[in-house]
Amino acid sequence: MDVTQAVLLSVAIVLSIFLVVVGLQAFFTLRDLRKTLKKADKLMNDADDIVSQIKKPIETAGNVFTAVTAGAGIAHLVKKITGDTK
């Protein structure tokens, strides 16, 4: 075997081993990223549920306030039409 062939063979072997190691590291990194994204998705879903639970009573209070102000407006209009000064 010639020296040039031996050097090329050893470089090819070293590069192959290096690429296998880099591929495995990329695989494990992407797997960890997938786990992290799943946890982040679960966290966002939980936060969305909490916001929905908090939003319902606030919307209800807003609807009640709107109904009261509309009722007051109607009462004022009826009072104005009937000419009641009290």
*Asks:* Once you round to the nearest 0.5 Å, how far does OG1 of Thr29 lie from CG of Leu24?
*Replies:*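 The distance works out to 10.5 Å.
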*Asks:* Check for me, please, whether Val11 and Val3 land in the same ILVMFWY cluster - side-chain distances under 4.5 Å, paths through other members count.
*Replies:*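 Yes; Val3 is reachable from Val11 via cluster members.
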*Asks:* Can you tell me how far the CG atom of Asp32 sits from the CZ atom of Phe27, to the nearest 0.5 Å?
*Replies:*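 Output value for this atom pair is 10.0 Å.
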*Asks:* If I take atom CD1 from residue Ile50 and atom CG from residue Asp46, how far apart are they, to the nearest 0.5 angstrom?
*Replies:*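 The CG atom of Asp46 is 6.5 Å from CD1 of Ile50, to the nearest 0.5 Å.
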*Asks:* Say you draw a straight line from OG1 of Thr36 to CG of Leu43; how long is it, rounded to the nearest 0.5 Å?
*Replies:*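 Between Thr36 OG1 and Leu43 CG, I get 12.0 Å after rounding to 0.5 Å.
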*Asks:* Indicate if Ile17 and Leu9 have the same hydrophobic cluster label, given that clusters are the connected sets of ILVMFWY residues with side-chain heavy-atom separations under 4.5 angstrom.
*Replies:*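 In one cluster with Ile17: Leu9, yes.
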*Asks:* Are Val7 and Leu15 grouped together when hydrophobic residues (ILVMFWY) are joined by side-chain heavy atoms under 4.5 angstrom apart?
*Replies:*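 Both belong to a single hydrophobic cluster.
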*Asks:* Rounded to the nearest 0.5 Å, what's the gap from CG on Leu37 to CG on Leu30? Could you check?
*Replies:*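 Output value for this atom pair is 10.0 Å.
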